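Structure, as structure tokens:
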Amino acid sequence: MKVVIKGGVWKNTEDEVLKAAVMKYGKNQWPRIASLLAKKTPKQCKARWFEWLDPSIKKTDWSKDEDEKLLHLAKLMPTQWRTIAPLVGRTAAQCLERYQKLLDDAEGQVEGSDLGLQGPAGGEGANAAGDARRLRPGEVDPNPETKSARPDPVDMDEDEKDMLSEARARLANTQGKKAKRKARERQLEEARRLAALQKRRELKAAGIEVGRKKKLKHMDYNANIPLEKKPVPGFYDTTEELKVKVDKSAMKGKRLQDLEPKKPWEVGEDDDEKKKRKRESKNKQDSAATIVNRQRAEALAAAAQAEREDAEKLAKRKRLQLPTPQVTERDLETIIQIGRQGENARNLAQSANVSSGTLLSDYTTPTPMRDIEARTPRVPAQSNTILSEARNLRAMTVQQTPLLGEENTPLNTSGGTGYGGITPLKTVAQTPNPMMTPARGHGSATQTRPDGAPMRDEFGLNAGTPGFSNSSGQKSLRMQLAKKLASLPAPKNNFEVVVPDEAGNDESNRDELGDGHSASKPQDQELVDKKRLEKQRVEEELELKRRTQAVRRDLPRPVSFVEGSLTNGDAGRGGGMATEIQKLINEEMELLTINDASRFPPRHARSVSLEPRHRLQDISDQAIQAARDAIAEEMKQTPVLPDILKEAIPQWHEYENSGIWDANKSEFVAKKQATTDVLLQKYRGEWKQRRKQMSLESERATKIEKRLNITLGGYQARSKALSKSIKEAFSEYEKALCDYGAFRSLQMMEGASISSRIEGATEEVRELDRREAELQAKYSELSRRKIAAQEKLIAVKTNGESHASSKPQSADQQ
Amino acid sequence: MVDKVRLDALPYIDKEYSNPDIKEKIDKLIESELKNTQDKPPRFSIPKPVTLFEKNPILRAEYDRIKAKKPIEKFDISRYKLEPPPKDKEDDVQEWISAASNAASQLEHQYLRMVNLELLQQFGANAWRIHNFDLERILERLQDSTENLQNEITNINKLRKADQLEAGVKLKELQTRWINSINKSLQIELACKQLEAEVQDLESKLENAQDSQPTNDSS
């Protein structure tokens, strides 16, 4: 006997049969359904339905929320997948699978990368972990019910074909008694409904409104709908449309068949018949050759389909999950309204009264922008809760039994979903508000310890511990507060007091009243402070005056002082009154010097600790003044300062050069007593030192000179070129000047010579004219004489009749 | 003296100089004249000689040296050396004192040098720039005034030419008139001479006739 082991991968045909069977037999008769499928048990069928085929099963990608929920619930209810599944909204198998995948991802995730850019499903590690659970060839899928169906082969097995035909026959069988009755009932019901509908519509078309009969017995659920959610009104006003009457005539002349869409079964029957007919005709036409072609075309189409599906899978993206806005539309509107109200109030106040206008400061000016970043700051990085949860869960699953006494698994508690409730704890990403005042935002009222925990000590429990002193915290708090208060604008105390005009006789009364008022009124704090400051200042000045001259003028003074160096030196000399006085003075001076050195050390010097016996008692101002006066008095009698200096400087030099350092004895020796060796050593040393210095200096100087030559060489060259061209230009200028003078004189001279020449020429011409005139006169005289002579001669000739001579005509006269 | 010299030359009218023969002659004349007046230009009176640097013997000596064209004395750089005393005086304290003081003074000089260099470093570039700027301005002004003078000169020359040409026309007219007058007077003179002769002839004839009147003069 053949033993059939049922189970294995579900095929498409089996799925289809199962679906049809469920439609026919419902979800309670699994043995009957399983009898249609040769290779599946009722249990498997049920599982297949509830794990895969049920249309209510979500087969989409897991969203982040779902992941979070799943991990959280898995944490709360470990391994209770049947409980978790409906809460998550997936099947138990899906939940388990997803859970395992997440944990694998967490294992494979690179430690420390908390950016979460890869997502739970992406990344190399995830693939590597997924590989571990992948089915290898030869292995049997333990739960094939949750996998998608295997596609049908083109040529099905014989037994499969048998199963299919049998299932088809059984499912399509309506010949049974029950099936027949059921079909009839359904038909009758439908017909009744349609008849009623038809009747109502016809009546409506005829203009007779027939309202639905009010059912007296039953409740009208439409009248008052509890918890009704009305649709959100759109952008456009639709109240007009509601008033418009429906055109009744559109209903006229229409049959029910025209108005009603076809019933699904009718459509199915029609299509089936059509398809059958088509197929038959096609089969007739198909020849053996065309079958091959069709198969190829089908294969191509399948390939194209697969490709399209792949592309779709690639293009599919997760939905962008954005947090809900913190300020809703309504909030914004209220903010605007409040602002408007404030503006109105301000306007009213300003227009109504000038004095009250100052009460309202202008808040419309923007807050100072120095603290506000130019752009919205980044949302603080959120820890990947899913990843951390998955890690925690993994850590817990790999944990050994506590009986072994190992340490607890370290869990990441900071960024998880918590144990607070069934819903995972969520941190809503808050948009950072750059305009928020620092007092409310960052300025935390409680200090934080280095480990981040807030430092609270309201009951003074930790008063003793140094790091936890409440006073220091309060001090810093106070300082913070003071800083904030300091940034407040200075108060403007400009207000007017309007004294109402009243009759004169009230004046005295009022004055009294006012006086009494002022006396009882405490003084203004500002004035008090001012006075105090003034007093302090005066005190400081006085203090400054009390100091010694050396300190006041910041003269060079000893940093340390060997006690008794002044008093001992002079005390030995002689005796008597003068030395006693000198000694007293020296003592006093020493005391002063020590005090100065300790109290007011020179700059960059440390103060010397003052022994109590040296402490100078405070000298009264009067005493100081008296001493100064006395000194001034004495100064008047002593020679003026330059005279002193005249004496002092040579003395100083003499003193300075009086001693010589003897290196052998290592002490100062008087110059006169020094040996030549010592002297030679000294001067040689001096000379050597100076030469060394000199060489250093000259080297530096030459270096600087070289550099200067480079930097200033350009200028020098330019200057040389300029002076050369200036020389040339000057010689040119001189030449031009010379030429100018020469030509000027030439011009003058030429003017003179021109006039003289012309004069001379005219003179000559005139002379000639004169001469000509003379000659003319002479000529005319001559001609006259000639004529006279001729006449006389003619007369003589006539007398003598022998006269025939040519008479000269007057020459061309001009 | 200047007034007495009178140069009657109108180069735009008198074209004689362009004639090569005459030019040669003139050049020769000028040359000979220049030979006579080479050392002492006759028109300028030489000012009295000035004795320079009367009160400053150092400058005077330098002036004399340059006059005599002697080379400048070599710079004494012994002071700039930091030599120890010579070998034979190595134990002389006084020598060492002087050497040390010399070193000190030189150090002071060195200090001054450094100061100057530092000043130069700080202000040198600017000072040079200003200096160069001044020089540029001077050059500019010189060039400007030269140009102005040139313009003036050309203006004067233009005026001269215009004047001379105008005068030339007048002179030419006068010359022609003069020539005409001379011609005329010469002709008249000739005519007069002729007439005079005739008159004399006539008068002599008349005399003869009158003489012969009583005796029936015949000629």
Side-chain angles (χ1 to χ4, degrees), chain A residues 676 679-680 683-684 686-687 690-691 693-694 697-698 701 704-705 708 711-712 715 718-719 722-723 725-726 729-730 732-733 736-737 739-740 743-744 747 749-750 753-754 757-758 761-762 764-765 768-769 771-772 775-776 778-779 782-783 785-786 789-790 792-793 796 799-800 802 808 811 814, chain B residues 7-8 10 82 93 96-97 99-100 103-104 106-107 110 113-114 117 120-121 124-125 128-129 131-132 135-136 138-139 142-143 145-146 149-150 152-153 156-157 160 163-164 167 170-171 174 177-178 181-182 184-185 188-189 191-192 195-196 198-199 202-203 205-206 209-210 213 216-218:
Chain A
T676 46
L679 283 175
L680 268 177
Y683 289 115
R684 206 175 283 158
E686 263 177 21
W687 181 81
R690 278 168 195 167
R691 197 170 66 163
Q693 180 81 12
M694 186 76 185
E697 291 274 305
S698 64
I704 293 172
E705 267 172 4
L708 280 176
T711 49
L712 303 180
Y715 295 123
R718 171 94 181 114
S719 155
L722 274 174
S723 37
S725 50
I726 281 173
F730 189 71
E732 224 169 82
Y733 172 72
L737 202 64
D739 283 357
Y740 177 69
F743 281 117
R744 274 296 290 276
Q747 188 192 23
M749 233 181 285
E750 276 168 3
S753 66
I754 283 169
R757 267 199 203 188
I758 288 172
T762 41
E764 269 177 18
V765 168
L768 277 177
D769 283 352
R771 220 192 122 166
E772 193 192 323
L775 284 173
Q776 288 280 8
K778 191 182 170 190
Y779 183 84
L782 279 175
S783 61
R785 267 173 66 190
K786 184 185 164 186
Q790 271 178 340
K792 272 182 193 169
L793 196 67
V796 173
N799 289 348
S802 56
Q814 294 202 348
Chain B
L7 295 168
D8 185 5
L10 298 174
L82 263 179
V93 174
W96 274 109
I97 287 174
Q106 285 195 37
L107 256 184
Q110 188 67 29
R113 185 185 173 198
M114 285 304 296
L117 280 177
L120 200 59
Q121 261 184 320
W128 273 111
R129 224 172 282 154
H131 175 67
N132 282 351
L135 285 183
E136 272 165 20
I138 288 167
L139 180 62
L142 268 178
Q143 279 166 348
S145 42
T146 313
L149 276 179
Q150 298 283 14
E152 284 281 302
I153 287 166
I156 284 171
N157 282 344
R160 273 175 60 215
D163 285 353
Q164 287 185 22
K170 234 180 228 174
L171 278 175
L174 283 171
R177 265 178 71 187
W178 184 80
S181 309
I182 284 233
K184 227 191 299 179
S185 48
I188 294 168
E189 217 163 325
C192 276
L195 202 61
E196 206 171 3
E198 270 179 35
V199 167
L202 275 175
E203 278 182 349
K205 266 186 189 171
L206 187 64
Q210 274 176 345
Q213 190 83 35
N216 215 347
D217 183 40
S218 64

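A note on names: the letters A, B, ... follow the listed sequences, proteins ahead of strands, and every chain is numbered from 1. Computed over heavy atoms, backbone and side chain alike; hydrogens, waters and symmetry mates excluded. Worth saying up front: this structure is predicted, and the values here are computed from it rather than measured.
- When all heavy atoms of B:Ser185 and A:Leu775 are compared, the pair lying nearest together is O-CD1, 3.2 Å.
- Closest of all the heavy-atom pairs between B:Leu174 and A:Ile758 is CD1-O, 3.7 Å.
- Nearest approach of A:Val765 to B:Arg177, heavy atoms of both residues: CG1-NH2, 3.5 Å.
- Summarising the geometry, atom OH belonging to A:Tyr683 is positioned 4.0 Å from atom CD1 belonging to B:Ile97; distances are rounded to the nearest 0.5 Å.
- Of the options A:Thr711, A:Leu708, A:Leu712, a side chain to side chain contact (heavy atoms under 4.5 Å, CB included) to B:Gln121 is made by A:Leu708 and by none of the others.
- Taking every heavy atom of both residues into account, A:Tyr715 and B:Asn132 meet most closely at O-ND2, 3.1 Å.
- Distance check: A:Asp739 CG to B:Ile153 CD1 gives 4.5 Å after rounding to the nearest 0.5 Å.
- No side-chain heavy atom of A:Glu750 sits less than 4.5 Å from a side-chain heavy atom of B:Asp163.
- Between B:Leu195 and A:Ser783 the shortest heavy-atom distance is CD2-N, 3.4 Å.
- Counting heavy atoms from C-beta outward, A:Glu697 and B:Arg113 have side chains that stay 4.5 Å or more apart.
- The closest donor-acceptor contact from the side chain of A:Arg690 to the backbone of B:Ala100 lies under 3.5 Å.
- The candidate from B:Gln150, B:Glu196, B:Glu189 with the greatest count of non-hydrogen atom pairs under 4.5 Å with chain A is B:Glu189.
- Atom-to-atom distance recorded for A:Tyr779:OH and B:Ile188:CD1 is 9.5 Å, nearest 0.5 angstrom.
- If you take CD on B:Gln106 and CD on A:Gln693, they are separated by 13.5 Å, rounding to the nearest 0.5 Å.
- Between B:Lys170 and A:Thr762 the shortest side-chain heavy-atom distance does not fall below 4.5 Å.
- Within the model, atoms CD of B:Gln164 and CD of A:Gln747 stand 9.5 Å from one another, a figure rounded to the nearest 0.5 Å.
- Heavy-atom pairs under 4.5 Å with chain A peak, among B:Ala167, B:Ala99, B:Cys192, at B:Cys192.
- In plain terms, the two heavy atoms of A:Ser723 and B:Leu135 that are nearest each other are N-CD1, 4.4 Å.
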Under the salt bridge (charged side-chain N to carboxylate O under 4.0 Å, His left out) rule, what do A:Arg718 and B:Glu136 come out as? Steps first, then yes or no, please. CA-CA 10 Å; A:Arg718 171 94 181 114; B:Glu136 272 165 20; 2.6 Å; yes

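- The distance from atom OG of A:Ser698 to atom CE of B:Met114, rounded to the nearest 0.5 Å, is 10.0 Å.
- Here A:Glu705 is the residue among A:Arg691, A:Glu705, A:Arg744 with the most heavy-atom pairs under 4.5 Å with chain B.
- If you measure heavy-atom distances from A:Arg771 to chain B, the contacts under 4.5 Å come from the side chain alone.
- In this structure B:Trp128 satisfies the ring pair (Phe, Tyr, Trp, His ring centres under 6.0 Å) test together with B:His131, sequence neighbours excluded.
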